[in-house]
Asks: 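First the structure, then my questions, so here it is.
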Amino acid sequence: MTNNLDVGPVFHPSEPVADLVLEHSAIPQVLRQHHIDFSVRGHLSLQELCELNGIPVEVVLNDLERAVKQPNHNPRTDPRDMSPAALMFHIVARHHSYLRDVLSIAVGLALKVERVHEGRDFPLKRIRELAQELRSLLEPHIEHEEVILFPALLENTLTREELAREAQDSKIDHERTAALFTVLRQLTLDYTPPEWACASTRGLFHQLEGLEADTLEHVHLENFVLFPKIAAAHRARAAST
Ligand SMILES: [Fe+2]
Ligand SMILES: [Fe+2]
């Protein structure tokens with residue numbers, strides 16, 4: 001993105017979406033609304049992702065430019081300026097703790113809503129199953145990061161082969177996570193509660209939407225900021241020995 005004082009921010013459709021996301025805190029929401037995945041496909045350009053999704057790139061560009069002209073209520077430190085250690089601390093403190101809390105709330109609400117609204121013409125059972133699948137996938141995933149992976153990265157104890165294996169395992173989990181949220185977004189009609197929704201159903205949809213937003217940003221940070229920094233540091237150390 002470049003800033004032009006006369007016409008405002010200008011986005012380049014050829015820029016990788018993972019980089020666009022880092023430019024302004026309003027961008028991830030616009031991309032999610034257009035079902036453009038930046039968490040695991042962020043290496044692709046906006047043009048490529050729009051073509052894959054069958055969306056005119058001009059529509060997304062207009063929405064992005066409108067969103068970034070709004071006052072930024074959520075300014076943040078650019079994670080690219082953070083050290084790997086600071087990034088890992090931020091990921092655990094902000095994203096992992098949120099994920100644990102909200103996954104637990106969401107699964108509880110999903111069970112309740114499925115029970116209370118049994119017989120409704122809405123895929124509540126599948127939504128509950130997806131919430132449980134996310135929990136089964138992500139709780140061990142973040143536990144592994146906190147207990148095994150991040151300490152090993154901090155202490156630089158992994159061989160190149162071990163690092164490659166860890167990166168591959170993470171990639172598989174991250175792709176499964178993004179795929180589960182894609183289905184969840186479709187089933188909940190973009191997290192729009194049905195007209196019969198009670199407070200618990202509205203709460204469930206609200207928690208799931210927040211969970212998607214936070215988790216996709218968390219995965220994007222690991223895939224496109226943390227792991228590349230770690231790999232570059234590893235290469236630099238290998239070149240100097
Ligand atoms: Fe994580
Ligand atoms: Fe992760």
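Counting starts at 1 for both ligands and their atoms, following the listed order. Quantities reported herein were computed from a predicted structural model and do not represent experimental measurements.
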Asks: Are E161 and R165 close enough for a salt bridge, meaning some N to O gap below 4.0 Å?
Replies: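 No salt bridge links E161 with R165.
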Asks: By atom name, which N, O or S atom of E222 is the nearest to the Fe ion (ligand 2)?
Replies: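 Nearest N/O/S atom of E222: OE1.
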Asks: Strictly under 2.8 Å, is any N, O or S atom of E145 next to the Fe ion (ligand 2)?
Replies: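 So E145 does bind the Fe ion (ligand 2) by this criterion.
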Asks: Just how far is it from atom CG of L109 to atom CD of E114, taken to the nearest 0.5 Å?
Replies: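 Here the rounded value is 13.0 Å.
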Asks: Measuring only between side-chain heavy atoms, which start at C-beta, is H34 closer than 4.5 Å to V59?
Replies: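 Yes - at least one pair of side-chain heavy atoms lies under 4.5 Å apart.
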Asks: Indicate if the distance from the Fe ion (ligand 1) to the nearest N, O or S atom of H218 falls below 2.8 Å.
Replies: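 Looking at H218, which is the residue asked about, there is an N, O or S atom under 2.8 Å from the Fe ion (ligand 1).
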Asks: Do any N/O/S atoms of H141 come under 2.8 Å of the Fe ion (ligand 1)?
Replies: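 It does not: H141 brings no N, O or S atom closer than 2.8 Å to the Fe ion (ligand 1).
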Asks: Within the supplied structure, the quantity of interest is the number of heavy atoms (other residues, nucleotides, ligands) at a distance under 6.0 Å from D81 CG; does it exceed 12?
Replies: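 Yes - once you tally the heavy atoms of other residues, nucleotides and ligands closer than 6.0 Å, there are more than 12.
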